[in-house]
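Worksheet: one structure, shown below.
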Amino acid sequence: MTEPWVSADVIAGYLGVTKDSIYAWIAKKDMPAHRVGRLWKFKVTEVDEWVRSSGADETAKPPKKGAR
């Protein structure tokens with residue numbers, strides 16, 4: 001069975017942060033999210049990997065666009 005897509009509300013609750021933080025992380029920290037119409041959808045495993053790789057670290061500099 002494939003992993004379901006979840007909403008910003010679910011991810012915010014899962015991480016214990018506000019939806020505003022989620023939207024800011026999408027814009028500024030390249031949080032893994034997928035736009036479906038007007039909604040943002042997430043895979044919990046992608047978000048877990050992003051958090052473990054210090055994606056949510058507020059002291060880290062945001063990644064440069066196009067850098068690999």
Side-chain angles (χ1 to χ4, degrees):
M1 189 161 124
T2 61
E3 179 182 2
W5 293 97
V6 298
S7 67
D9 284 324
V10 172
I11 285 295
Y14 179 75
L15 295 176
V17 299
T18 65
K19 280 194 339 182
D20 289 340
S21 292
I22 297 298
Y23 296 133
W25 290 343
I26 292 168
K28 296 177 184 171
K29 299 253 184 205
D30 290 334
M31 181 180 202
H34 306 273
R35 193 84 189 234
V36 180
R38 293 180 48 200
L39 304 174
W40 286 102
K41 296 294 182 175
F42 306 83
K43 294 278 187 169
V44 173
T45 55
E46 291 178 358
V47 173
D48 279 339
E49 185 178 319
W50 176 79
V51 169
R52 285 189 183 101
S53 69
S54 300
D57 185 356
E58 291 296 324
T59 62
K61 292 181 181 177
K64 293 181 180 178
K65 297 288 181 183
R68 295 219 172 211

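The analysis underlying the following values was restricted to heavy atoms, covering all of them including side chains, and did not include hydrogens, waters or symmetry mates. Residues take their numbers from the sequence shown, with the count starting at 1. Note that this is a predicted model, so its numbers are computed, not measured.
Closest of all the heavy-atom pairs between R35 and R38 is NH2-O, 3.4 Å.
V36 places none of its side-chain heavy atoms less than 4.5 Å from the side chain of W5. At a threshold of 4.5 Å between non-hydrogen side-chain atoms, the residues I22 and L15 count as touching. Annotation: side chain of F42 is in contact with side chain of I26 (closest heavy-atom distance under 4.5 Å).
W40 CH2 to S7 OG: the interatomic distance, rounded to the nearest 0.5 Å, is 14.0 Å. Atom NZ of K43 and atom OG1 of T2 lie 5.5 Å apart (nearest 0.5 Å).
Applying the side-chain hydrogen bond (donor to acceptor under 3.5 Å, both in side chains) test to pairs two or more places apart or on separate chains, those with a residue in residues 8-23 are D9-K19, Y14-D48, T18-S21.
Under the side chain to side chain donor-acceptor pair (under 3.5 Å) criterion, E49 pairs with no residue, sequence neighbours left out.
In this structure, L39 is not a member of the same hydrophobic cluster as I11, with clusters built from ILVMFWY side-chain heavy atoms closer than 4.5 Å.
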